[in-house]
Amino acid sequence: MKPTHTPVSYSGYLQLERILNSQSLKSEEHGAPAHDEMLFIIIHQTYELWFKQVLFELDSVLDMFRQDYVDERNIGTALARLKRIIEIQKVLIDQVRILETMTPLDFLDFRNFLTPASGFQSFQFRALEIKLGLRLEERIKYSQKAYHKLFPEDQQQKLLEMEQQPSLFDLLNNWLERTPFLELEKFNFLQRYSQAVEQMLEQDRKVVRENPLIDKGEQENRIKMMNATEKHFHSLLSESAY
């Protein structure tokens with residue numbers, strides 16, 4: 001017996017009626033329609049849709065690395081999904097160019113109608129920051145308030161609960177710490193890696209010092225930059241400093 005299913009249409013499957021009727025212009029409600037408000041709304045709705053997809057991909061990767069044992073067969077899948085997130089981020093950045101076709105004066109035509117709304121109130125963006133590893137103590141206060149105070153109480157609670165969960169940064173660190181190839185009987189990965197970095201930087205210093213086309217002042221500046229890079233690597237590779 002052939003499986004049956006309810007026929008679907010393009011617009012029905014994508015729920016286009018709901019999506020395309022979700023742009024309500026505040027300027028029109030106030031009797032002063034502003035042409036560019038439509039662009040402003042669609043740009044930000046698009047951002048939120050992409051944030052939803054990024055969180056969907058990221059949550060699947062978090063689930064993989066949250067286990068005590070990470071199946072090696074999942075590493076390729078995790079990488080593919082993280083690469084997808086990167087491609088989405090590129091699209092998000094490119095969207096700014098579209099938004100820049102709206103001048104500051106065009107924005108001021110309707111900005112007053114949006115008070116006190118702000119992009120800082122994007123719940124999905126805050127969730128994304130938390131899940132990627134931004135810590136509470138690293139945040140800058142907005143209007144002298146903790147970031148979560150801008151949200152309704154139920155969302156505040158969800159954000160605070162996310163803060164207690166391990167982020168992608170935490171889970172990857174945990175995974176790497178228990179990866180066996182880091183230290184074997186005759187091989188210490190961190191030691192070898194540190195040596196390779198030092199050799200690379202020393203070679204770069206030599207090239208700078210021996211290059212007759214670089215004056216002394218420029219040599220000193222480049223050497224300082226390399227020294228700063230070396231210090232940064234040592235802070236990462238030193239357990240006590242890290």
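All heavy atoms count here, side chains included; hydrogens, waters and symmetry mates do not. Along the sequence shown, the residues carry numbers beginning at 1. Because the structure is a prediction, the values reported are computed rather than measured.
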Visitor: State plainly whether the residues Asp59 and Lys131 are in salt-bridge range, i.e. N to O under 4.0 Å.
Guide: yes
Visitor: Taking atom CE of Met200 as the centre, report whether more than 12 heavy atoms of other residues, nucleotides or ligands fall under 6.0 Å from it.
Guide: yes
Visitor: A quick test of your reading: do over 12 heavy atoms of other residues, nucleotides or ligands sit less than 6.0 Å from CD of Glu153?
Guide: no
Visitor: Regarding Lys83 and Glu87, does a basic nitrogen lie under 4.0 Å from an acidic carboxylate oxygen?
Guide: no
Visitor: Following the transitive rule for hydrophobic clusters with a side-chain heavy-atom cut-off under 4.5 Å over Ile, Leu, Val, Met, Phe, Trp and Tyr, establish whether Leu168 and Leu79 coincide in one cluster.
Guide: yes
Visitor: Is the shortest side-chain heavy-atom distance between Arg84 and Ile88 below 4.5 Å?
Guide: yes
Visitor: Checking side chain to side chain contact (heavy atoms under 4.5 Å, CB included) against Tyr147, which of Ile140, Ile130, Leu134 comes through?
Guide: Ile130
Visitor: Strictly by modelled atom types, are Ser167 and Asp170 linked by a side-chain donor-acceptor pair under 3.5 Å?
Guide: yes
Visitor: Are Met226 and Val208 close enough that some pair of their side-chain heavy atoms sits under 4.5 Å apart?
Guide: yes
Visitor: Counting neighbours of CD on Glu29 that are heavy atoms of other residues, nucleotides or ligands and sit closer than 6.0 Å, is the number greater than 12?
Guide: yes
Visitor: Are any of the side-chain heavy atoms of Arg139 and His148 separated by less than 4.5 Å?
Guide: no
Visitor: Do Leu16 and Tyr10 have side-chain heavy atoms sitting under 4.5 Å apart?
Guide: yes
Visitor: Evaluate the side-chain proximity of Leu92 to Phe51: yes if any heavy-atom separation is below 4.5 Å, no if none is.
Guide: yes
Visitor: For the pair Phe123 and Phe151, name the ring-plane relationship: parallel under 30°, tilted 30 to 60°, perpendicular over 60°.
Guide: perpendicular
Visitor: If we only count heavy atoms from C-beta on, is the Leu58 to Leu132 side-chain gap below 4.5 Å?
Guide: yes
Visitor: State, with a plain yes or no, whether a side-chain heavy atom of Gln89 is found less than 4.5 Å away from one of Trp50.
Guide: no
Visitor: Under a 3.5 Å distance rule, please check whether Glu37 uses its side chain to pair with a backbone N or O of Lys26 as donor and acceptor.
Guide: yes
Visitor: Can you tell if the side chain of His35 reaches within under 4.5 Å of the side chain of Met102, non-hydrogen atoms only?
Guide: no
Visitor: Could you give me the CA-CA distance, side-chain angles and deciding distance for Asp106 and Leu39, then say whether side-chain contact (heavy atoms from CB on, under 4.5 Å) is met?
Guide: CA-CA 11 Å; Asp106 292 331; Leu39 172 67; over 6 Å; no
Visitor: Answer yes if the ring centres of Phe107 and Phe110 are under 6.0 angstrom apart, and no otherwise.
Guide: yes
Visitor: Kindly determine whether Gln45 and Leu49 satisfy side-chain contact (heavy atoms from CB on, under 4.5 Å), including the steps that lead there.
Guide: CA-CA 6 Å; Gln45 287 179 336; Leu49 283 172; 5.6 Å; no
Visitor: Give, for atom CD1 of Ile75 and atom CZ of Phe65, the distance between the pair rounded to the nearest 0.5 Å.
Guide: 4.0 Å
Visitor: Looking at Glu202 and Arg205, is any side-chain nitrogen of the basic one under 4.0 Å from a carboxylate oxygen of the acidic one?
Guide: yes
Visitor: Between the side chains of Gln53 and Glu57, is a donor N or O closer than 3.5 angstrom to an acceptor N or O?
Guide: yes
Visitor: Just checking, is any N or O donor in the side chain of Glu48 or Ser122 under 3.5 Å from an acceptor N or O on the other one?
Guide: yes
Visitor: For the residue pair Tyr47 and His44, categorise the inter-ring angle as parallel (less than 30°), tilted (30 to 60°) or perpendicular (more than 60°).
Guide: tilted
